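A short worksheet on the structure shown next.
Everything numeric here is computed off the predicted structure, so don't read it as measured data.
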Amino acid sequence: KTDLQYTNKRVSYNTYFRKDTLIPQQINNSTYYLNSFYNAYVNGEMNLHYIENHYSVTYQIFKKTQLYSGLYLSLLCGGYDKGQVQVVIGEGGFLGDYFEKFDNINNINKLDYGLNFGIKSYLYKNIYSEFKLSRSIKTLYSKDIFSNRGLEKNYMYHTYAFFLIGIDIK
C-alpha cells in the first residue's frame, strides 16, 4: 500500500544550559580574565510542512482493523524553526543580558525518511480511526549547528505518535 499526504510537524521547545567562561577585565592597562559562568535559555518554535509518501505492508487482523508497517519519504516544502536565546553572564546584573534571535530553517534537511507502524480501524463505511508511530532515520539538521556554537553534538530526529479520525476518499 502506498499513499501521498501533507504533514505539518510542529513543536514548541525550550532548553537551558550552563557553561564556564572567562570574562576579560581591564585593570591598569592590562587585561585579566575572571572565571565565571553563563546560563543560556533557548526558546523556539518549529513549524514544518512536508509532502510525504508512505510505503506500507498491511495485515488484516479483524474484518475492519489492520496493522501496518513500512517506510516513509518526506520532502520539506516550507516552514520555520525560529526562536531566541537569552544569555545571562554570572548571576546577572554585572554585565547585561545578551539576546539573539535565530531561524534554523536553512539547516533542516529537505529530504527525510524513516519507519512507521500503526493500526487503522474502520468505524463506519469510509470513516476510520488510526494510531501511528513514526521515527526518522536521518537527522533533522543537515549539519551540526550545535558544536560550532560551543555546545555538544546534538542529534535530533523526527519522532512522533498521533491519533486521528479520517475519511478515505476513493
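In this structure, His158 and Tyr50 have perpendicular ring planes: the angle between them is above 60°, well past the 30° mark.
Here Lys132 contributes atom NZ and Ser56 contributes atom OG; the two are 7.0 Å apart, rounded to the nearest 0.5 Å. Once rounded to the nearest 0.5 Å, the distance linking NE2 of His54 with OG1 of Thr7 reads 5.0 Å. Distance CG/Leu123 to CD1/Ile165: 5.5 Å, rounded to 0.5 Å. To the nearest 0.5 Å, the span separating CD1 on Ile51 from CG on Leu73 amounts to 11.5 Å. In this structure, the separation between CG on Asp103 and CE on Met46 is 10.0 Å, given to the nearest 0.5 Å. In this structure, CZ in Phe62 is found 9.0 Å from CG in Leu67, a value given to the nearest 0.5 Å.
Ile137 and Val57 fall into different hydrophobic clusters, where Ile, Leu, Val, Met, Phe, Trp and Tyr side chains are chained together by heavy-atom contacts under 4.5 Å. Under a hydrophobic-cluster definition in which Ile, Leu, Val, Met, Phe, Trp and Tyr are linked whenever side-chain heavy atoms come within less than 4.5 Å, directly or via other members, Ile108 and Tyr113 are assigned to different clusters. No continuous path of hydrophobic side-chain contacts links Tyr33 to Ile27 [ILVMFWY only; heavy atoms under 4.5 Å]. Under a hydrophobic clustering in which Ile, Leu, Val, Met, Phe, Trp and Tyr are joined whenever their side-chain heavy atoms come within less than 4.5 Å, directly or via other members, Leu76 and Tyr72 fall into different clusters. Both Tyr141 and Val11 belong to a common hydrophobic cluster when Ile, Leu, Val, Met, Phe, Trp and Tyr are linked at side-chain heavy-atom distances under 4.5 angstrom.
Applying the side chain to side chain donor-acceptor pair (under 3.5 Å) rule to Gln60 yields no partners; only residues at least two apart in sequence or on another chain are considered. Legend: residues meeting side chain to side chain donor-acceptor pair (under 3.5 Å) with Tyr13, ordered by chain and number and at least two apart, are Asp81. Contacts of Tyr41 classified as side chain to side chain donor-acceptor pair (under 3.5 Å), with partners at least two apart in sequence or in another chain: none.
Screening residues 37-52 for salt bridge (charged side-chain N to carboxylate O under 4.0 Å, His left out), with sequence neighbours left out, gives Lys9-Glu52. Residue pairs satisfying the salt bridge (charged side-chain N to carboxylate O under 4.0 Å, His left out) criterion with at least one member in residues 115-126, sequence neighbours excluded, are listed as follows: Lys120-Asp168.
Between the side chains of Tyr16 and Asn14, no donor-acceptor pair is found at a separation under 3.5 Å.
The environment of Phe99 atom CZ is dense: over 12 non-hydrogen atoms of other residues, nucleotides or ligands sit within 6.0 angstrom. Within 6.0 Å of atom OH in Tyr124, 12 or fewer heavy atoms from other residues, nucleotides or ligands are found, so the atom counts as exposed in its surroundings. Around the OH atom of Tyr6, the shell of radius 6.0 Å holds more than 12 heavy atoms that belong to other residues, nucleotides or ligands.
When all heavy atoms are compared, the tightest approach of Ala161 to Leu133 is CB-CD2, 3.4 Å. Shortest non-hydrogen contact noted between Asp112 and Lys138 is OD1-O, 3.8 Å. The minimum heavy-atom distance linking Leu71 with Leu115 is given by the pair CD2-CD2, 3.2 Å.
Through chains of ILVMFWY side-chain contacts below 4.5 Å, Leu164 is grouped with Tyr122, Tyr128, Tyr160, Phe162.
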From CA spacing to verdict: side-chain hydrogen bond (donor to acceptor under 3.5 Å, both in side chains), Asn116, Tyr68: CA-CA 8 Å; Asn116 58 40; Tyr68 62 88; 6.0 Å; no
List the steps and the verdict of side-chain contact (heavy atoms from CB on, under 4.5 Å) for Tyr157 and Leu140. CA-CA 5 Å; Tyr157 298 87; Leu140 178 64; over 6 Å; no
Criterion side-chain contact (heavy atoms from CB on, under 4.5 Å) on Leu48 and Ile105, from CA distance to verdict: CA-CA 9 Å; Leu48 305 174; Ile105 190 66; 3.7 Å; yes
